2 protein chains.
Amino acid sequence: MDQLAKAVGERVRYRRRACGLSQDNLALLSGIDRSYVGRIERGEVNITVEKLYRIAKVLVCEPATLLPKIQDIHS
Amino acid sequence: MDQLAKAVGERVRYRRRACGLSQDNLALLSGIDRSYVGRIERGEVNITVEKLYRIAKVLVCEPATLLPKIQDIHS
DNA sequence: CGGAGCCACGGATTATAATCCGCATCTCAT
DNA sequence: ATGAGATGCGGATTATAATCCGTGGCTCCG
């Protein structure tokens, strides 16, 4: 149902794996709770832009690349 | 410290004015509290990506365009 | 078998995002 | 001078983002 959260979750997961990191690694490096990054990737939560930047920094990419295009969300 | 919030605030304000909208207009159209829109533009708050998308939709732009480049944030 | 790494998932709590008031200031038009 | 529209800003409250636990289920390897 929450299309947006799922879309960013997929992108975070994809990018994380591309970086060869575990959820634990990402959590520790970004200073985010380990169980919370799981929830992010599963699209269960609606994160803040601050968290988005912390994650993007660790995954060495622009925050914008973790966001789906607005038209991809048929809300 | 809230470099990030200030940066997105500036962009929202700039884009809102480009659309010829008041804070009140943006608030009503996006379903966000008016005083909160003011705080966003002043960089006082750390918004969620869901709010970012609601705003971007009203301002007819990609959410990504409201986000500064990661290198522009000296954290 | 046993342990280690990785992940899903939940409950309870804490931090904070977001709302709902309200009042003050300023500009501009009447 | 007055009233309407736009914004700043603050306090108090509610909703929810985020944390801090934990359990259990995999797979892979000794």
Side-chain angles (χ1 to χ4, degrees), chain A residues 1-61 63-68 70 73 75, chain B residues 1-61 63-68 70 73 75:
Chain A
M1 200 66 241
D2 200 343
Q3 202 83 12
L4 175 56
K6 281 199 173 64
V8 315
E10 285 175 11
R11 286 156 194 262
V12 168
R13 174 163 294 179
Y14 181 84
R15 182 74 193 141
R16 171 179 62 80
R17 288 179 170 160
C19 290
L21 295 175
S22 67
Q23 288 184 352
D24 235 348
N25 293 151
L26 174 54
L28 289 170
L29 291 170
S30 61
I32 299 176
D33 185 68
R34 132 190 97 73
S35 75
Y36 198 61
V37 315
R39 291 177 194 192
I40 292 172
E41 293 191 355
R42 270 174 268 131
E44 295 179 1
V45 291
N46 173 28
I47 68 174
T48 58
V49 304
E50 190 262 344
K51 290 281 176 290
L52 182 72
Y53 273 73
R54 295 245 290 268
I55 290 170
K57 194 170 223 172
V58 172
L59 299 185
V60 202
C61 65
T65 67
L66 299 176
L67 297 182
I70 202 165
I73 313 294
S75 73
Chain B
M1 206 71 232
D2 38 29
Q3 195 83 11
L4 174 55
K6 284 202 172 63
V8 318
E10 285 176 10
R11 285 158 194 261
V12 168
R13 174 163 292 178
Y14 181 84
R15 183 77 192 135
R16 172 179 61 81
R17 288 180 170 157
C19 290
L21 296 175
S22 67
Q23 288 184 353
D24 233 349
N25 294 152
L26 174 55
L28 290 171
L29 291 171
S30 61
I32 298 175
D33 187 68
R34 184 203 71 79
S35 76
Y36 197 60
V37 171
R39 290 176 197 196
I40 292 172
E41 293 191 354
R42 269 173 268 131
E44 295 178 2
V45 292
N46 172 28
I47 68 174
T48 58
V49 303
E50 190 262 344
K51 290 281 176 292
L52 183 71
Y53 273 73
R54 294 245 290 267
I55 291 171
K57 195 170 226 173
V58 172
L59 300 185
V60 200
C61 66
T65 66
L66 299 176
L67 297 181
I70 203 165
I73 312 295
S75 73

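A note on names: the letters A, B, ... follow the listed sequences, proteins ahead of strands, and every chain is numbered from 1. Worth saying up front: this structure is predicted, and the values here are computed from it rather than measured.
Contact annotation: the side chain of B:Arg34 approaches that of B:Gln23 to within less than 4.5 Å [non-hydrogen atoms, C-beta and beyond]. With contacts defined as side-chain heavy-atom distances shorter than 4.5 Å, the pair A:Leu52/A:Val8 does not qualify.
Using a 3.5 Å distance cut-off with no hydrogens or angles, the side chains of A:Asp24 and A:Ser22 do not pair a donor with an acceptor.
Note on B:Arg54: every side-chain N or O is 4.0 Å or more away from OP1 and OP2 of C:dA18. An OP1 or OP2 oxygen of C:dA18 is reached within less than 4.0 angstrom by a side-chain nitrogen or oxygen of B:Thr48. Distances shorter than 4.0 Å separate some side-chain N or O of A:Gln23 from OP1 or OP2 on C:dA8. Residue B:Tyr36 has no polar side-chain atom (N or O) positioned under 4.0 Å from OP1 or OP2 of C:dT19. For D:dA18, neither phosphate oxygen OP1 nor OP2 lies less than 4.0 angstrom from any side-chain nitrogen or oxygen of A:Arg34.
Heavy atoms of A:Arg13 sit under 4.0 angstrom from primed sugar atoms or phosphate atoms, though from no base atom.
For the pair B:Asp33 CG and C:dC20 P, the computed distance is 6 Å after rounding to whole Å. Spacing between atom CD1 of A:Ile47 and atom P of C:dT16 amounts to 17 Å, rounded to whole angstrom units. The CG-P distance, from A:Leu26 to D:dA18, rounds to 14 Å in whole Å. For B:Glu44 and C:dT19, the CD to P distance is 15 Å, given to the nearest whole Å. If you take CG of A:Leu52 and P of C:dA17, they are 15 Å apart, rounded to a whole angstrom. When the C1' atom of D:dG8 is taken as reference, atom NZ of B:Lys6 falls 15 Å away, rounded to whole Å. The CD1 atom of A:Ile32 sits 15 Å away from the P atom of C:dC7 (whole-angstrom rounding). A:Glu50 has its CD atom 20 Å from the P atom of D:dT16, to the nearest Å.
With the nearest nucleotide of DNA chain C identified for both B:Arg39 and A:Glu41, A:Glu41 has the one nearer the 5' end. Where B:Asn46 and B:Arg17 meet DNA chain D, the nucleotide closest to each residue was compared, and B:Arg17 sits on the side nearer the 5' end.
A donor-acceptor pair under 3.5 Å links the side-chain atoms of B:Arg15 to the main chain of B:Val60, judged by distance alone.
A side-chain contact (heavy atoms from CB on, under 4.5 Å) with B:Ser30 holds for exactly one of B:Leu59, B:Val58, B:Asn25, B:Leu21; it is B:Val58.
No hydrogens or angles were tested; on distance alone, a donor-acceptor pair under 3.5 Å links the side chain of A:Ser35 to the base of D:dC20.
Closest to the A:Lys51 side chain, of the nucleotides D:dT19, C:dC7, D:dT7, is D:dT19.
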